[in-house]
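Note that the coordinates shown come from a computational prediction; the quantities given were computed from them, not determined experimentally. Just so we're on the same page: letters track the sequence lines, and every chain starts at 1.
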2 protein chains.
Amino acid sequence: MKLKHTHQLIIDNVSRFIDLTELEKQRYISLLTEVRVKKKDFLMQAGEITKYEYFITKGCLKVYTLDEDGVPHISMFAVEDYWTGDMASFMTKEPSRYFIKATEDTELLGISRANYNLLFQEIPKFERFYRILYQKSLISYIRRSNQGISLTAEERYIEFKSKYPNIINRITQKDLAAYIGITPEFMSKIITKVNRM
Amino acid sequence: MKLKHTHQLIIDNVSRFIDLTELEKQRYISLLTEVRVKKKDFLMQAGEITKYEYFITKGCLKVYTLDEDGVPHISMFAVEDYWTGDMASFMTKEPSRYFIKATEDTELLGISRANYNLLFQEIPKFERFYRILYQKSLISYIRRSNQGISLTAEERYIEFKSKYPNIINRITQKDLAAYIGITPEFMSKIITKVNRM
DNA sequence: GAAAAAAAATGAACTAGTTTAAGACTTTTA
DNA sequence: TAAAAGTCTTAAACTAGTTCATTTTTTTTC
């Protein structure tokens with residue numbers, strides 16, 4: 001049976017790690033909720049208790065916190081085929097410290113906490129899917145937190161540019177600075193310098 | 001049936017997330033290998049392909065990389081009741097970029113790649129265990145990589161001190177500097193300053 | 001328990017990245 | 001399509017953290 005485009009995308013993503021029967025696919029899809037967020041609108045804000053984890057089918061979002069001085073620190077940009085949300089709040093039911101804001105009109109599929117738990121009961125294979133998904137995310141976070149400490153800002157910029165060429169031209173320089181962990185002014189200097197080389 | 005002390009520790013750890021029958025416990029234990037590492041010896045070195053993931057029953061290790069200039073960057077200190085290894089190399093079979101060195105005489109339980117995979121086949125509940133374990137690790141890594149960027153070295157030191165009071169007096173100031181991401185000289189200055197306050 | 005090796009402290013000169021401020025360029029909105 | 005708002009650039013003065021060199025203290029080793 002032919003699936004809707006957005007559903008096909010999420011099934012393809014899941015199928016990278018586990019095999020689902022047609023029935024399981026249908027059941028899985030029935031547990032998802034479609035969400036749309038317009039550019040500049042929030043998918044969620046700090047203080048809220050996260051009710052959903054999301055898969056992005058179209059668009060781009062930035063996930064960030066504000067420090068005591070109100071300075072934003074972006075922890076990730078999420079585009080098509082990425083998973084996003086605040087797992088800490090989703091798991092613990094504590095208020096989130098994150099904002100998630102669309103930088104383009106964005107479409108997502110969300111799974112609620114109740115359905116996430118139901119999923120594991122009904123289709124235990126999903127424990128495996130999430131085990132592998134989290135394992136892979138962990139590997140890339142460990143790598144990133146290591147680089148955050150051992151590389152200079154210029155090196156982190158060059159790294160980001162070569163690793164995410166598809167993301168870099170969809171975001172502002174200011175947001176990139178908030179991700180790299182420097183001021184927009186210094187980001188501007190670095191880009192001028194690197195382009196001159 | 002009464003278990004050996006070290007086996008009891010790992011079973012207690014696993015039992016925080018899943019319930020095992022006596023038979024499953026016995027089977028799990030049979031898949032583990034006991035390992036001892038003397039202070040200053042390596043559990044593994046960069047260039048090797050990781051064959052095991054480890055659970056620590058006694059002692060302390062540091063997990064680190066060397067950058068191009070040969071400067072060490074410690075990504076974690078692992079003590080009793082922690083899991084350690086290089087998951088990236090364990091998963092991908094690519095050579096590791098990490099060294100793991102004992103800072104005290106250390107005892108561990110290792111699981112080989114073959115047994116790790118066997119475990120999921122024989123006792124699928126372990127998918128759930130690792131799903132939750134990785135999910136929790138991910139939450140704390142995300143938090144750490146965020147702090148690495150938004151806090152000053154002094155704030156990171158104060159944070160570490162209050163979060164890991166049990167670890168801080170088991171490691172050298174030099175190793176702490178390599179973890180915080182600063183030079184030993186600057187670490188020394190910070191400690192003098194913070195103690196004066 | 002003395003000698004050697006490693007870790008910690010201190011200080012002066014340096015560099016990567018910040019702050020503040022002002023002007024030029026781009027995008028959004030009415 | 002003009003005005004407003006936001007983004008980017010440039011530059012000068014500043015600060016957090018580094019580098020290098022030396023001395024003191026602690027730990028390891030035989």
Per the under-4.0 Å heavy-atom filter, residues of residues 58-76 of chain A near DNA chain C come out as none
Residues in contact with DNA chain C, drawn from residues 163-177 of chain B - heavy-atom cutoff 4.0 Å: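 Within this stretch, B:Thr172, B:Gln173, B:Lys174 sit under 4.0 Å of the strand.
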Test your reading of the model: is there a side-chain donor-acceptor pair from B:Asp105 to the backbone of B:Lys39, 3.5 Å cut-off? yes
Pairs where [range] contributes a residue and the test salt bridge (Lys or Arg N to Asp or Glu O under 4.0 Å) is met, not counting sequence neighbours:
| range | result |
| --- | --- |
| residues 50-62 of chain B | B:Lys62-B:Asp175 |
| residues 140-150 of chain B | none |
| residues 23-32 of chain A | A:Glu22-A:Lys25, A:Glu24-A:Lys125, A:Arg27-A:Glu122 |

Test salt bridge (charged side-chain N to carboxylate O under 4.0 Å, His left out) applied to [X] - qualifying residues, sequence neighbours left out:
| X | result |
| --- | --- |
| A:Glu48 | none |
| B:Arg170 | B:Glu80, B:Glu104 |
| B:Arg128 | A:Glu127 |
| A:Asp41 | none |

Which heavy-atom pair separates A:Val79 from A:Ile56 by the least distance, and what is that distance?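 Shortest heavy-atom separation between A:Val79 and A:Ile56 comes out as O-CB, 3.5 Å.
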Take a 6.0 Å sphere around CG of B:Asn169 and say whether it holds more than 12 heavy atoms from other residues, nucleotides or ligands.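 Counting neighbours around CG of B:Asn169, more than 12 heavy atoms of other residues, nucleotides or ligands fall under 6.0 Å, so yes.
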Which letter, B, S or -, goes with each nucleotide of nucleotides 11-30 of chain C from 5' to 3', with contact meaning a protein heavy atom under 4.0 Å? -B----BBBB-------S--
Tabulate below the donor-acceptor pairs under 3.5 Å that side-chain atoms of residues 90-97 of chain A make, not counting sequence neighbours, or state none.
{"unit_1": "A:Thr92", "atom_1": "OG1", "unit_2": "A:Ala88", "atom_2": "O", "d": "2.7"}
{"unit_1": "A:Thr92", "atom_1": "OG1", "unit_2": "A:Glu94", "atom_2": "N", "d": "3.2"}
{"unit_1": "A:Ser96", "atom_1": "OG", "unit_2": "A:Asp86", "atom_2": "OD2", "d": "2.7"}
{"unit_1": "A:Ser96", "atom_1": "OG", "unit_2": "A:Tyr98", "atom_2": "N", "d": "2.9"}

Can you check whether B:Ser188 has a side-chain N or O nearer than 4.0 Å to OP1 or OP2 of C:dA8? no
Using distance alone, with no hydrogens and no angle criterion, decide if B:Gln121 and B:Asn117 have a side-chain donor and acceptor under 3.5 Å apart.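 No donor-acceptor contact under 3.5 Å links the two side chains.
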Compute the bend angle of the helix from C:dG1-D:dC30 to C:dA30-D:dT1 from the end axes (five pairs per end), rounded to 10°.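 Between the axes fitted at each end of the helix from C:dG1-D:dC30 to C:dA30-D:dT1 lies an angle of 70°.
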